[in-house]
Amino acid sequence: MTVTCAQFKRDFLAEIKTLYATTLNDTSPLDQLIALGHLVRRYDGPNWAKTARAYQTQHRKQVYYFSIEFLPGRLLMANLLNLNLVTTVRHGLKELGLDLDQIRQAEPDPALGNGGLGRLAACYLDAMASLDIAGNGNGIRYRYGLFKQLFINGYQVEMPDDWLRNGNVWETRRENKSCIVRFGGHVWLQPQANGTLKPQYRDTDDVLAVPYDVGIVGYHNSVTNTLRLWSAELPPNADHTYYSQAQRDQIDDITKVLYPDDSNSAGQALRLRQEYFFTSAGVQSIVRHFCAHHHGMRTFAKQVAIHINDTHPTLVIPELMRLLMDEHHCSWDLAWALTRQVMSYTNHTILQEALETWPVALFQGLLPRIYQIVAEIDRRYRAQKTPVFGAALVDQTAPLGNGQVRMAYLAVIGSHSVNGVAPLHTELLKKDVLHGLYQVYPERFNNKTNGITLRRWVQLANPPLARTLDARIGNLWRRNPRLLKTLLAYQYDQGFLTELSQVKLANKQALAALVAQRLGLQIRTDAIYDVQVKRLHAYKRQLLHVFEILREYFQIKDQPTAPFVPRVHIFGAKAAPSYHYAKAIIKLINAVANLVNHDPVVGSRLKVVFIPNYGVSLAEVIIPAADVSEQISTASKEASGTSNMKLMANGALALATYDGANVDIIQAAGAKNEYPFGLTVAEVYRYYQRGDYRARDFYRGNPELKRIVDSLVDGTIPGISTEGREIYDSLLRYNDEFFVLADYASYVAQQRQISQDYQDQTAWQRRALANIAASGAFGADLAVARYADDIWQVPHDRLD
Ligand code: NBY
């Protein structure tokens, strides 16, 4: 995009005048943000239109990425970056007496997701547009995003996230693309004159699905794709029909709030309504669009790929079957063949409690026609597979079983591809969680290791690093992150290593300023910044990190004058509101912070910073400042992790178990450049098989550890009498489900090593460099290119 600075200034002032009928002096940063957003959209408008037209005229196969969560982060800077407008806009605003960095802060951060799964979806949209893939996102426009987190007296308090309060400058309401989604009522199959059966409906609750489209701008390539988010409203004939307040509320509720739980599958009718709502609307709009440009359905699978991001959108399978058969007169066999060719599914968890199932009664009552189709899929699956695989295996893997609809099984059976998100995770899917279906459909299983967009996580979040890299290796890495490998030539360049530590220092200063402003806490910038940012979960083991803090605390208290390498422990984490144990850990971290941060003996040497309301925008400040990346989940539990990749790309060294993509990170950067520790998956599974894990033995056998565990209940840490007891019991009474005590010794050994190693800054920065250099392998563009080649079968730009 080329706009001169002068042109930009004229356009911007005109925009202000049009929108607010006033002059610049009279506007707030929010006003300026909105005006700037309008202007960016105006600049990008021709690309958006051209992209859509080109896809049509070229009959490009479209990918539709269905996800119940998208965490795009603020879009102003991402759009300016991808349109190559950052410098022009920054200068132009400056000449008008404005500061781009102030304006960008006025943008709300759309928190339409819980964690890694939603952020991955956003990284992949950015990559699809940047690779010139005809890729669309399809999701829900939640009126309230993930709750805003406050700490009151150390406890998590959840407040509504009213992110749409001032509107959303990036969205376009497309009411003419609305469709009706049906719930409940009765359905029966009516024989037709031509011998077919057509479903008839009575007493259904109809909801209008209205799409809001957001442009997803590709990187320097004039491509703008679409993220379509659906909102639930009263149907258009509402004026003539009586709707009780309860009915109105029920419709309103569908897209009111994001379900704030990523710890287990939700047994909630509203959640199922949300899932059907956005899948039905999305599939209807895909089929409608296809039919507008093609005759008959036979080429559908050549033109469309639908991706199921975790099981929440699995109803795309029976919904497409329904449309093909009921509305487009396809036979079951044709509809089924098309559906399987079109669908692909990504699994994001091996945790049993996170695998979605719905009680048949609930499912059938809410979605009677969809249930008929699922029951027929189930019947045919059993009929075809029982002779080959036997009744036991088929029973165990069928879509219906134990009075439940099993969404993961339906997703595998109705797709041509199922992938895990790191090699280890994919192996565990085959061996464990989806073992039965792997026996039936081995050819469907494949791995696609996650990736992150370095555009946001390095170029935008860490401009000093990006500039330093440019100066050494040129700027082609911005297009092709694999070129970061060439950095290795500078491993022994003292000047460059010094620059890297200066970059880190600048980022630490920025984080320290944020901490001072938000928490009123001073943290020194010569300390090790030891960062753990992710959802709060027992399996992610923030508790183990707390144990290290307590160890350091006791060390200082025992030997106040002994040397101690200063540390700042930084946490960001939200707990699901109903996840009692996770909330107890939050209270513990805050209580330990309170104890440590105010101890005069400890002074500035050790600080604990728990920044509330962790999300994409905070991550953009914390991650560039990190020295140590805590990736300490119990081996086998973390499907992949993606903060591990973001931290790596920003030069943090990983303190990591052999879990998820940590394995691949350690391999890519070299074990000597990370701090691996802990039980392996094989060891964890051996404990499971033998049933011989005894947490108490670790407790009794290690006095240092015993002191720490005891401090949870002996009054050492004020204010945690109930939480301390609960956590203590989880370890000793309930035998430490996540092997915290077993991994303590090897974790702490690496932490000690870190303190020692950090003192040699040259050696440390050399290892940071190795991490940055190896991080290109985890770029989202590479990951998405693999999806495009192996799963979606769509063409894409090459990176080199
Ligand atoms: O997906 C995460 C995995 O834990 C992480 O290892 C992986 O890197 C990432 C991307 O592949 N999963 C995740 O974020 N899951 C959720 O957010 C989630 C949300 C809702 C529900 C379950 C999980 N739910 O049951 O409603």
Side-chain angles (χ1 to χ4, degrees), residues 65 67-71 111-124 139-140 142 145-146 257-268 270-275 307-314 345-358 406-408 411 418-426 428-429 433 447-453 533-541 573-579 582 614-616 631-648 656-657 659-665 778 780 783-784 787:
Y65 197 91
S67 179
I68 202 162
E69 304 188 356
F70 285 93
L71 269 174
L112 310 184
N114 279 287
L117 172 145
R119 180 56 227 175
L120 187 79
C123 280
Y124 282 5
I140 295 178
Y142 300 101
L146 185 61
V257 48
L258 166 77
Y259 189 73
D261 201 334
D262 64 344
S263 57
N264 54 53
S265 68
Q268 234 191 33
L270 174 57
R271 178 76 162 158
L272 183 55
R273 259 178 213 280
Q274 289 188 327
E275 293 185 0
H307 201 80
I308 304 173
N309 191 34
D310 217 345
T311 53
H312 321 113
T314 301
Y345 156 56
T346 298
N347 172 290
H348 295 266
T349 186
I350 66 153
L351 300 182
Q352 215 35 256
E353 64 271 26
L355 286 187
E356 267 194 311
T357 60
W358 298 105
R406 305 188 285 206
M407 300 289 268
V418 40
N419 73 279
V421 289
L424 180 72
H425 168 60
T426 301
L428 286 169
L429 288 181
V433 206
N447 177 64
K448 293 286 167 284
T449 303
N450 282 166
I452 56 161
T453 171
V533 283
K534 48 185 78 258
R535 284 298 287 258
L536 215 138
H537 269 277
Y539 84 79
K540 295 181 191 276
R541 299 199 298 192
K574 291 182 180 178
S578 61
Y579 191 173
Y614 180 67
V616 175
Q631 307 298 338
I632 61 178
S633 53
T634 310
S636 78
K637 303 298 180 199
E638 190 70 271
S640 159
T642 43
S643 77
N644 45 8
M645 300 167 183
K646 295 163 197 166
L647 283 152
M648 176 196 204
T657 49
D659 198 17
N662 297 349
V663 176
D664 310 274
I665 286 174
F778 301 97
V784 165
Y787 278 87

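All figures in this text were calculated on a predicted structure; none of them were measured in a lab. Start at 1 and go down the list; that is how both ligands and their atoms are numbered.
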So if I count the atoms of ligand 1 from 1 in the order they appear, which ones are less than 4.0 Å from some heavy atom of [X]?
| X | answer |
| --- | --- |
| Ala639 | 6 (O) |
| Asp261 | 19 (C), 20 (C), 21 (C), 24 (N), 26 (O) |
| Asn264 | 24 (N), 25 (O), 26 (O) |
| Ser265 | 25 (O) |
| Tyr539 | 4 (O) |
| Gly641 | 5 (C), 6 (O), 7 (C), 8 (O) |

If you measure from each non-hydrogen atom of [X] to ligand 1, which part falls under 4.0 Å: side chain, backbone, both or neither?
| X | value |
| --- | --- |
| Asn450 | side chain |
| Arg535 | neither |
| Arg271 | side chain |

Check whether [X] reaches the backbone of [Y] with its side chain - one donor and one acceptor, N or O, closer than 3.5 Å.
| X | Y | answer |
| --- | --- | --- |
| Asn419 | Asn447 | no |
| Arg535 | Asn114 | yes |
| Asn662 | Gln631 | yes |
| Glu638 | Tyr539 | no |

- Message: Yes or no: does Gly660 have any heavy atom under 4.0 Å from an atom of ligand 1?
- Response: no

Does [X] reach ligand 1 with a nitrogen or oxygen that is under 3.5 Å from one of the ligand's nitrogen or oxygen atoms?
| X | result |
| --- | --- |
| Tyr259 | no |
| Ser640 | yes |
| Leu117 | yes |

- In terms of the angle between their ring planes, are Tyr65 and Tyr124 parallel, tilted or perpendicular, with boundaries placed at 30° and 60°? perpendicular

- Taking atom 23 (C) of ligand 1 as the point of reference, which of Asn114, Leu120, Thr349, Asp262 owns the nearest heavy atom? Asp262

- Query: Counting heavy atoms only, which of His348, Glu275, Glu69 is nearest atom 3 (C) of ligand 1?
  - Reply: His348

- Residues in salt bridge (Lys or Arg N to Asp or Glu O under 4.0 Å) contact with Glu275, at least two apart in sequence or another chain: Arg271

- Task: Return the set of residues passing salt bridge (Lys or Arg N to Asp or Glu O under 4.0 Å) with Asp310 (not counting sequence neighbours), or none when no residue passes.
- Result: none

